[in-house]
Structures are given as C-alpha cells and as structure tokens.
Amino acid sequence: MAVLNVTPDSFSDGGLFFDPEVAIQQGLEMVEAGADLIDVGGESTRPGADPVSAEEEWRRVGRVIEGLARKIDVPVSVDTYKAEIAAKAIHVGASIVNDVTGLRDIRMIKSIARGGAGAVLMHMLGEPRTMQASPRYDDVVKEVRTFLEARARTAISEGVPTEAIAVDPGVGFGKTLEHNLELIRHLDAVASLGYPVVIGVSRKSFLGKLGAGPPGGRLIGSIAAATAAVAHGAHVVRAHDVAETVRAMRVADALVRGP
Ligand code: HH2
C-alpha cells in the first residue's frame, strides 16, 4: 500500500507531491515500482497536526484520485476520516476508504456501504492534535483488538460486506514506543479477528527512538519493522519507499508463508 500524501505538511514527505500533476506522476511511478494499492491522503494526521477543512482536503485529493483511478489498474484508496470526502472519492474512482479513526462517524460507514467500497479500519486513541500527550492502556493489545472488532461489527451491521474490511492497529496513533512494539509483537492477536491486517510503520518516529535515524533515513528501520509485522501476521504494508519495500516484502512473504 503506497503512501501518496498530497499535503504541504506530512511528517516525512510534506510538500513533495502537493502539485496534483506531480502527485499523479508519483502514483504512476509507485505502480511501476510494484505497489498493489495507492493510498491518497490530503490531511496530515501526524502528532500535533491541525485538521483541514473538507473543501481544502477535496481540493488537494480530488483531481489526483480521479486522474490515477483512470490511469492505473491497481485500486486507489483515500486516506480520510470525513464521510463527504469518502463519498466524493468513491464517486471519482476510489475503491477503498482508509479511515484512521476506525469509522467513528456513522455517516462514514454509510458512505462506504452505499458506494460499495472496501474499508481499512484503523485504531487511534484520541485525535492527532493531542494523541501523543500521555497515551495509557491497561492492555494495549486487548484494547486495540476489542475496538477493531466492535467497529468491524458495526460496519457489517450497516451493510459493509465482511470481505470488504481490513483492520490496522495504528502504530504511532496514541501509543508510546512500548505500545507500538507490543502491538507489532502481538499482531497475531489482531490477525485472529479474521480480517486482513494493514500495518503502517514506514518512517515513523518510534523507529527514530530505536536508533533508525531521521525520517528521510529510516528506510532500513522501516523494512525491519515491516518484516517483523509480516512475520507476526500483517498482510498489507503501508510504505513510502515502494520499490525497496516491495523487494523486501517479497522475501519476507516467502519466508513466512512459503514461496
Ligand atoms: N499512518 C499515517 C496515515 N495513515 N493509515 C493507516 N491505515 N495506517 C497507518 O499507520 C497510517 C495511516 C501517517 O503516516 P503518513 O501518511 O506518512 O503521515 P501524515 O499523516 O503526516 O501525512
């Protein structure tokens, strides 16, 4: 799942693909490099980020999603938690909605069900502006699992097909370093829900805390973390560095599941 951030302020690639034509070109290159899915986002959800309006978000992602959906064969997902953005994105060709709030808004579930799209439900504690203040859990793995299970059930009861759902524990979203490590180490508990598991570790700050270097230099740490996640049950790896990640995950996948 290739990350395509059409934002001025994403934590590792902000501003690089803010021009729609540049973003579309980057999406095409990501497909060429082996991506199975392009995830287009128009609002940074990094810790401390301020929300953007729906008008601004659509101005950023609308043309890119429509342009890419016309030009590529792999699915396009929209990284949004706003129901109206999801509905418009589906209308112009997105086939998956990646919602970092785990479909907290019932209108979001209805947009997805009505549009016949797939959904990635991610766990986040709180909201981006404050989520890293002092995240606390009694049992992070159990609480994340229970949350994802409940949100998936609600989505299914509102008409989203079971096979259209994937889940994501949300590395870095209201979690300390220890929480992130525990979630990756016990990802099999999330996988036991029976939905495909998406994992987003690419360039994230917990890697820096482990000695992996600054955001632009975290490729090797990102691949190490993604490999561990695959070994513990992840099916989909969300990544910025597509060519390198695809090559590494081909090997990781064969080691874990057989050639
Ligand atoms: N992480 C980010 C954004 N969306 N979606 C899923 N499903 N899982 C993730 O781990 C995830 C996500 C944050 O990374 P990025 O998009 O690179 O940064 P920003 O939010 O600053 O745009």
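If you're wondering where the values come from, they're calculated on a predicted model, not measured in any experiment. Throughout, numbering of the chain's residues begins at 1 and tracks the sequence.
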For this session: Starting from the C-alpha separation in whole Å, work towards a yes-or-no answer on side-chain hydrogen bond (donor to acceptor under 3.5 Å, both in side chains) for Thr80 and Glu57.
Result: CA-CA 9 Å; Thr80 190; Glu57 189 176 341; 2.7 Å; yes

For this session: Please step through salt bridge (charged side-chain N to carboxylate O under 4.0 Å, His left out) for the pair Asp241 and Arg247, ending with a clear verdict.
Result: CA-CA 11 Å; Asp241 302 286; Arg247 285 182 191 163; over 6 Å; no

For this session: Please report the C-alpha distance between Arg104 and Asp99 in whole Å, then the side-chain angles of each, then the deciding distance to 0.1 Å, and finally whether the salt bridge (charged side-chain N to carboxylate O under 4.0 Å, His left out) criterion is met.
Result: CA-CA 9 Å; Arg104 258 180 228 176; Asp99 181 356; over 6 Å; no

For this session: Carefully, step by step, assess His232 and Ile199 under the rule side chain to side chain contact (heavy atoms under 4.5 Å, CB included).
Result: CA-CA 11 Å; His232 290 294; Ile199 194 83; over 6 Å; no

Problem set entry | Arg257 and His235: CA distance, side-chain angles, deciding distance, side chain to side chain contact (heavy atoms under 4.5 Å, CB included) verdict | CA-CA 11 Å; Arg257 300 190 175 94; His235 303 89; 3.7 Å; yes

Problem set entry | Candidate pair Val31 and Lys71, rule side chain to side chain contact (heavy atoms under 4.5 Å, CB included), full reasoning | CA-CA 10 Å; Val31 174; Lys71 290 186 167 126; over 6 Å; no

For this session: Determine, step by step, whether Val201 and Phe206 satisfy the side chain to side chain contact (heavy atoms under 4.5 Å, CB included) criterion, reporting the C-alpha distance in whole Å, the side-chain angles of both residues, the deciding distance to 0.1 Å, and the verdict.
Result: CA-CA 9 Å; Val201 290; Phe206 83 104; 3.9 Å; yes

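Annotation: the span from Tyr81 atom OH to Met124 atom CE amounts to 7.5 Å, rounded to 0.5 Å. Atoms CG and OG, on Leu207 and Ser202 in that order, are 8.5 Å from each other to the nearest 0.5 Å. Distance check: Glu32 CD to Ile72 CD1 gives 11.5 Å after rounding to the nearest 0.5 Å. To the nearest 0.5 Å, atoms CG (Leu4) and CD1 (Ile24) are separated by 9.0 Å. To the nearest 0.5 Å, the span separating OG1 on Thr146 from CG on Leu193 amounts to 8.5 Å. Between the CG atom of Leu68 and the CD1 atom of Ile65 there is a distance of 8.5 Å, given to the nearest 0.5 Å.
Under the 3.5 Å distance criterion, the side-chain polar atoms of Thr130 are left unmatched by any main-chain donor or acceptor of Ala133. Remark: side-chain polar atoms of Arg218 are paired, donor with acceptor, to backbone N or O of Gly213 under 3.5 angstrom. Of the possible donor and acceptor atoms, none in the side chain of Glu66 sits under 3.5 Å from a partner among the backbone N and O of Gly93. Between the side chain of Lys204 and the backbone N or O of Gly200 there is at least one donor-acceptor pair closer than 3.5 Å. The main-chain N or O of Val97 is never found under 3.5 Å from a side-chain atom of Ser77 such that the two would form a donor-acceptor pair. The closest donor-acceptor contact from the side chain of Ser10 to the backbone of Ser12 lies at 3.5 Å or more, if one exists at all. Under a 3.5 Å cut-off, the side chain of Ser111 and the backbone N or O of Ala83 do form a donor-acceptor pair.
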I'd like a table of donor-acceptor pairs (distance under 3.5 Å, sequence neighbours excluded) in which one partner is a side-chain atom from residues 168-177, with atom names and distances.
{"from": "Asp168", "atom 1": "OD1", "to": "Gly170", "atom 2": "N", "distance (Å)": "2.8"}
{"from": "Lys175", "atom 1": "NZ", "to": "His123", "atom 2": "O", "distance (Å)": "3.1"}
{"from": "Lys175", "atom 1": "NZ", "to": "His123", "atom 2": "ND1", "distance (Å)": "2.8"}
{"from": "Lys175", "atom 1": "NZ", "to": "Pro169", "atom 2": "O", "distance (Å)": "2.8"}
{"from": "Lys175", "atom 1": "NZ", "to": "Gly170", "atom 2": "O", "distance (Å)": "2.8"}
{"from": "Lys175", "atom 1": "NZ", "to": "Phe173", "atom 2": "O", "distance (Å)": "3.2"}
{"from": "Thr176", "atom 1": "OG1", "to": "Glu178", "atom 2": "N", "distance (Å)": "3.4"}
{"from": "Thr176", "atom 1": "OG1", "to": "His179", "atom 2": "N", "distance (Å)": "3.1"}
{"from": "Thr176", "atom 1": "OG1", "to": "His179", "atom 2": "ND1", "distance (Å)": "3.0"}

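Met249 places a side-chain heavy atom less than 4.5 Å from the side chain of Val230. Using a 4.5 Å cut-off on side-chain heavy atoms (C-beta onward), Glu29 and Val242 make no contact. Leu37 is listed as a side-chain neighbour of Ile96, based on a closest heavy-atom distance under 4.5 Å. Proximity of Pro47 to Met131: side-chain heavy atoms (C-beta onward) are separated by under 4.5 Å at one or more points. Val6 places a side-chain heavy atom less than 4.5 Å from the side chain of Val40. A 4.5 Å side-chain heavy-atom check between Thr245 and His240 finds every atom pair outside the cut-off. At a threshold of 4.5 Å between non-hydrogen side-chain atoms, the residues Val237 and Val198 do not count as touching. Using a 4.5 Å heavy-atom cutoff, the side chains of Ile109 and Thr154 are in contact.
Residue Asp36 places its CG atom among 12 or fewer non-hydrogen atoms of other residues, nucleotides or ligands, all under 6.0 Å distant. Counting non-hydrogen atoms of neighbouring residues, nucleotides and ligands closer than 6.0 angstrom, the CZ atom of Arg136 reaches no more than 12 such neighbours.
Scanning both residues, Leu219 and Glu244, for their nearest heavy atoms gives CD2-CG, 3.6 Å. Ala166 and Tyr195 make their closest contact through CA-CB, 4.3 Å (heavy atoms, listed as atom of the first residue, atom of the second, distance). Annotation for Gly62 and Val92: closest pair O-CG2, 4.3 Å, computed over non-hydrogen atoms.
By the side-chain contact (heavy atoms from CB on, under 4.5 Å) test, Glu182 is found to be paired with Val140, Val141, His186, residues two or more places apart in sequence or in another chain being considered.
Leu16 is not connected to Val52 by any chain of hydrophobic side-chain contacts under 4.5 Å among Ile, Leu, Val, Met, Phe, Trp and Tyr, and they are in different clusters. By the rule that hydrophobic residues join a cluster once side-chain heavy atoms approach within less than 4.5 Å of another member, Val160 and Ile90 end up as members of one cluster. Note: the hydrophobic cluster containing Met30 also contains Phe17 (ILVMFWY, side chain heavy atoms under 4.5 Å, direct or indirect links). Residues Val78 and Met1 are members of separate hydrophobic clusters, defined by side-chain heavy-atom contacts under 4.5 angstrom among Ile, Leu, Val, Met, Phe, Trp and Tyr.
Comment: Arg59 does not engage Glu55 in a salt bridge, judged by the lack of any side-chain N to carboxylate O separation of less than 4.0 angstrom. In this structure, Arg145 does not pair ionically with Asp188, as no charged nitrogen and carboxylate oxygen lie closer than 4.0 Å. Salt-bridge annotation for Arg129 and Glu127: present, with a side-chain N of the basic residue lying under 4.0 Å from a carboxylate O of the acidic one. Between Glu21 and Arg63 there is a salt bridge, since at least one side-chain N of the basic residue sits less than 4.0 Å from a carboxylate O of the acidic one.
In the hydrophobic clustering (ILVMFWY side chains linked at under 4.5 Å, chained through shared members), Val251 is joined by Leu255.
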